[in-house]
Amino acid sequence: MFTADHPVVIQADGSILLDAHHPLHDEAREALAPYAEVVSAPEHVHTYRLSAISVWNALAMGRGADDVKIDLGRWSRWGIPQNVVANIDAWCSRYGRLRLDRQGDGLRLVVSDPLLATEVAASPKAAKFLTGRDGDRAFGVDPLHRGDVKWALVKLGYPVEDAAGFGAGEPLRFTVRDDDTFSLRAYQRAAAACFAPADGATGGHGVIVLPCGAGKTAVGIAAAARVGTNTLVLATSDAAVEQWVREFRERTDLPADAVGVYTGARKEVRPVTVATYSVLTHRRGGQFPHLSLFQSRSFGLVIYDEVHLLPAPVFRATASIQAVRRLGLTATLLREDGREDDVFALIGPKRYDVPWKALERQSFIAEAECAEVRVAMDDTTRLLYSNAEPPERFRIASECVAKDAAVTSLLARHPDRQALVMGTYISQLRRIAERIGAPFVCGEVPSEARAAIYERFRRGEIPALVMSRVGSFALDLPTASVAIEVAGTYGSRQEEAQRLGRILRPKQEKALFYTVVSKDTIEEDYAMRRQRFLAEQGYRYRVEEWTPAAEAAS
């Protein structure tokens with residue numbers, strides 16, 4: 001029975017409105033998360049939208065078709081509109097109708113009914129990867145095009161259940177430490193088990209979604225131990241590579257020389273090899289020579305760290321290695337290029353997730369407060385902004401010199417805390433680093449020098465660190481508890497989430513996240529877009545107007 005006490009309104013266009021002030025908001029948000037994607041999250045009403053991919057991910061995690069409607073309807077003030085019910089039924093009916101099985105040395109695509117088989121055969125994108133009709137409900141598929149056919153069919157609107165199995169890879173047996181110094185948390189064990197069940201009959205490909213700071217690296221290592229095979233890890237940066245290598249060596253009984261680094265500076269192919277996306281996508285003569293790393297050893301598992309950042313050439317390489325187990329790790333399935341369906345088809349569906357606030361309540365990640373600090377431009381900058389072409393205005397607003405004093409005063413509010421200042425534009429960041437007397441880390445700083453600066457920060461020798469986008473992803477600086485963002489990448493929600501994640505390692509005090517924006521400019525609009533994902537996770541932004549006079553008075 002639906003009453004006016006319910007916090008959700010589901011509309012005929014498929015949008016879902018959630019009352020941000022309702023006493024049941026948190027419970028409703030967690031109930032919606034498996035099925036719907038956040039569209040906007042302003043102060044009072046948060047908007048979600050159902051999609052085929054979001055519903056298919058829910059089904060892949062074990063929810064039934066009826067569960068989708070029951071769980072959504074339980075929170076809805078006026079029930080679910082009939083046409084939305086029809087859409088949910090249609091998406092659910094498409095799930096499980098195509099199955100990919102192994103047949104001898106080849107593959108067989110089995111379709112639920114002859115009419116759908118005819119539709120598949122008539123699709124130009126899919127038909128070119130089929131090797132012939134096998135009765136009225138099946139097709140042969142070349143194993144080399146296993147990923148291509150799954151990609152083509154998800155574009156057609158039909159996800160493929162891939163039951164063709166995986167190659168074993170070269171065996172690599174090791175265990176994860178379980179002692180006074182380190183032990184997997186219950187949700188980390190559960191996540192690894194969802195990807196690689198003990199019976200080995202299911203899983204083996206898919207994505208695990210956990211908040212920044214929740215220990216996704218530990219989950220990846222635990223999954224690799226359960227699979228027991230040579231493993232290739234792909235990471236976002238040299239710093240992330242070093243973190244993976246350190247964790248494998250410190251948290252397992254693997255010998256140090258079993259773990260290798262494959263970056264621009266070193267090319268070691270070992271039983272566990274950790275590489276950067278950038279080295280794999282390095283182009284030479286129009287080719288990507290390092291993509292051969294996928295075949296250079298008998299890897300039985302590929303781990304994609306920060307899978308939401310997967311570059312196009314790695315997507316293409318992944319399409320050709322579907323016989324290898326594939327694990328994606330991420331804090332958000334949101335991709336700014338809209339290629340969530342590519343992740344679904346080529347890496348796999350979502351296998352496990354935990355809401356950010358759920359882990360915060362259990363003290364596995366730090367409690368956080370977020371604030372948007374609005375700074376007025378000086379007259380000269382305002383005039384420059386007003387006369388600029390629209391594409392130039394965002395950068396002018398982002399680099400506003402008035403932000404420098406705001407950063408200084410924000411740091412002064414928290415003299416006993418370590419802080420990260422993060423941005424996009426090198427000239428602005430250099431200027432701020434000089435002003436506050438802090439080291440500056442960007443892509444031009446050699447990896448060894450960066451690593452030394454990070455280690456000094458971890459030891460507490462550096463109170464503040466200024467970083468370009470190299471510090472946004474997969475960087476472990478657990479002592480940081482304040483983050484100040486002076487410029488973002490337009491409306492990138494994933495970047496906002498990752499930057500907050502730099503300060504979410506468990507700690508006694510609240511983590512404080514400030515995003516500094518130029519008042520009454522286009523930057524305010526982009527800031528609102530960046531905040532959508534975090535607002536959906538339960539983080540609200542306090543807005544404050546910053547002026548030198550107001551800061552002095554406080």
**Q.** CG-OG1 distance between L293 and T273, expressed to the nearest 0.5 angstrom
**A.** 6.5 Å
(Q) Would the distance check show the side chain of T276 and the main-chain N or O of V279 forming a donor-acceptor pair, the cut-off being under 3.5 Å? (A) yes
Q: Working to the nearest 0.5 Å, report the span between CZ of F440 and CD1 of I432.
A: 9.5 Å
(Q) Show, in sequence, the C-alpha distance, side-chain angles and deciding distance for K216 and D305, and conclude whether the salt bridge (Lys or Arg N to Asp or Glu O under 4.0 Å) test is met. (A) CA-CA 8 Å; K216 293 188 291 294; D305 195 13; over 6 Å; no
Q. Please walk me through it: do R431 and Y425 pass side-chain contact (heavy atoms from CB on, under 4.5 Å)?
A. CA-CA 10 Å; R431 190 180 70 222; Y425 302 107; over 6 Å; no
Q: Give the intermediate values and the outcome of salt bridge (Lys or Arg N to Asp or Glu O under 4.0 Å) for residues E544 and R374.
A: CA-CA 6 Å; E544 65 174 87; R374 296 179 179 174; over 6 Å; no
Q) Taking the inter-plane angle between the rings of F166 and H205 on a 0 to 90° scale, is it parallel (under 30°), tilted (30 to 60°) or perpendicular (over 60°)? A) tilted
Q) Does E30 come within less than 4.0 Å of R361, counting only side-chain N to carboxylate O? A) yes
Q.
Taking side chain to side chain contact (heavy atoms under 4.5 Å, CB included) as the criterion, tell me which of Q531, E523, M422 meets it with T515.
A. Q531
Q | Any donor-acceptor pair under 3.5 Å from E485 side chain to Y514 backbone | A | no
Q. Judged by atom type as modelled, is there a donor-acceptor pair below 3.5 Å linking the side chain of E545 to the main-chain atoms of V375?
A. no
Q) Would E399 and S427 count as a side chain to side chain donor-acceptor pair (under 3.5 Å) if you check the C-alpha gap in whole Å, the side-chain angles of each, and the deciding distance to 0.1 Å? A) CA-CA 8 Å; E399 290 192 291; S427 58; 2.8 Å; yes
Q. Between R251 and D179, does at least one N-O distance fall below 4.0 Å, as a salt bridge requires?
A. no
Q) For V486, does its backbone N or O pair with a side-chain atom of K403 as donor and acceptor, under 3.5 Å? A) yes
(Q) Could you report the tightest heavy-atom contact between V269 and S296, atom names first, then the distance? (A) CG1-OG, 3.9 Å
(Q) Please verify the inter-ring angle class for F513 with Y541; under 30° counts as parallel, over 60° as perpendicular, anything in between as tilted. (A) perpendicular
Q) Looking at CG of L310 and CG of L234, how far apart are the two atoms once the value is rounded to the nearest 0.5 Å? A) 7.5 Å
Q.
Any donor-acceptor pair under 3.5 Å linking the side-chain atoms of T175 with those of D253?
A. yes
**Q.** Backbone N/O of A388 and side chain of R393: donor-acceptor pair under 3.5 Å
**A.** yes
Q. More than 12 heavy atoms of other residues, nucleotides or ligands under 6.0 Å from CZ of R459: is that the case?
A. yes
Q. With distance as the sole criterion, is a donor-acceptor pair present between the side chains of T263 and D238 under 3.5 Å?
A. no
Q. Are any non-hydrogen side-chain atoms of L410 and V516 less than 4.5 angstrom apart?
A. yes
**Q.** Electrostatic pair E524-K519, nearest N-O below 4.0 angstrom
**A.** no
Q) Checking Q243 side chain against A239 main chain: does a donor-acceptor pair fall under 3.5 Å? A) no
Q: Without swapping roles, check the side chain of E170 against the backbone of G300 for a donor-acceptor pair under 3.5 Å.
A: no
Q. For R266 and E242, what are the C-alpha separation, side-chain angles and deciding distance, and is it a salt bridge (Lys or Arg N to Asp or Glu O under 4.0 Å)?
A. CA-CA 12 Å; R266 296 157 63 187; E242 294 300 329; 3.8 Å; yes
Q: Under the salt bridge (Lys or Arg N to Asp or Glu O under 4.0 Å) rule, collect the residues that match up with K350, sequence neighbours excluded.
A: D353
(Q) Is there a side chain to side chain donor-acceptor pair (under 3.5 Å) between R469 and T424? Walk through the geometry before answering. (A) CA-CA 6 Å; R469 282 183 289 187; T424 302; 4.8 Å; no
(Q) Between R177 (side chain only) and E250 (backbone N and O only), is there a donor and an acceptor less than 3.5 Å apart? (A) yes
Q) Can you tell if the side chain of L280 reaches within under 4.5 Å of the side chain of F288, non-hydrogen atoms only? A) no
Q: Please test D342 against R316 for salt bridge (Lys or Arg N to Asp or Glu O under 4.0 Å), starting from the C-alpha separation and ending with a verdict.
A: CA-CA 10 Å; D342 287 8; R316 290 195 291 272; over 6 Å; no
Q: For the pair L327 and I208, evaluate side-chain contact (heavy atoms from CB on, under 4.5 Å) and give the outcome as yes or no after the intermediate values.
A: CA-CA 8 Å; L327 171 60; I208 291 171; 3.8 Å; yes
Q: State, to 0.1 Å, how close P313 and L291 come at their nearest heavy-atom pair, and which atoms those are.
A: O-CD1, 4.0 Å
Q. Side chains of N57 and S54: is there a donor and an acceptor less than 3.5 Å apart?
A. no
Q.
Is it the case that atom CG in D180 sees more than 12 heavy atoms from other parts of the structure closer than 6.0 Å?
A. no
Q | Residue that, paired with E247, satisfies side chain to side chain contact (heavy atoms under 4.5 Å, CB included) out of T252, T217, V259 | A | T217
Q: Could you grab the distance from atom CZ of R450 to atom OG of S237, nearest 0.5 Å is fine?
A: 7.0 Å
Q. Does R458 pair with E455 as a salt bridge, N-O distance under 4.0 Å?
A. yes
**Q.** Euclidean distance, L465 CG relative to Y454 OH, rounded to 0.5 Å
**A.** 7.0 Å
Q: Decide if the gap between the ring center of F195 and the ring center of Y352 is smaller than 6.0 angstrom.
A: no
Q: Evaluate whether atom CD of Q508 has more than 12 neighbouring non-hydrogen atoms of other residues, nucleotides or ligands under 6.0 angstrom away.
A: no
**Q.** Residue pair F294 / L232: nearest heavy atoms and the distance that separates them
**A.** CD2-CD2, 3.8 Å
Q) How many angstroms lie between atom CZ of R502 and atom CZ of R499, to the nearest 0.5 angstrom? A) 10.5 Å
(Q) Between Y277 and Y304 (judged by ring centroids, cut-off 6.0 Å), do the two rings come close enough to count as a pair? (A) no
Q | Any donor-acceptor N/O pair, Q322 side chain to G147 backbone, under 3.5 Å | A | no
Q | Backbone of A214 reached by a side-chain donor or acceptor of Y187 within 3.5 Å | A | yes
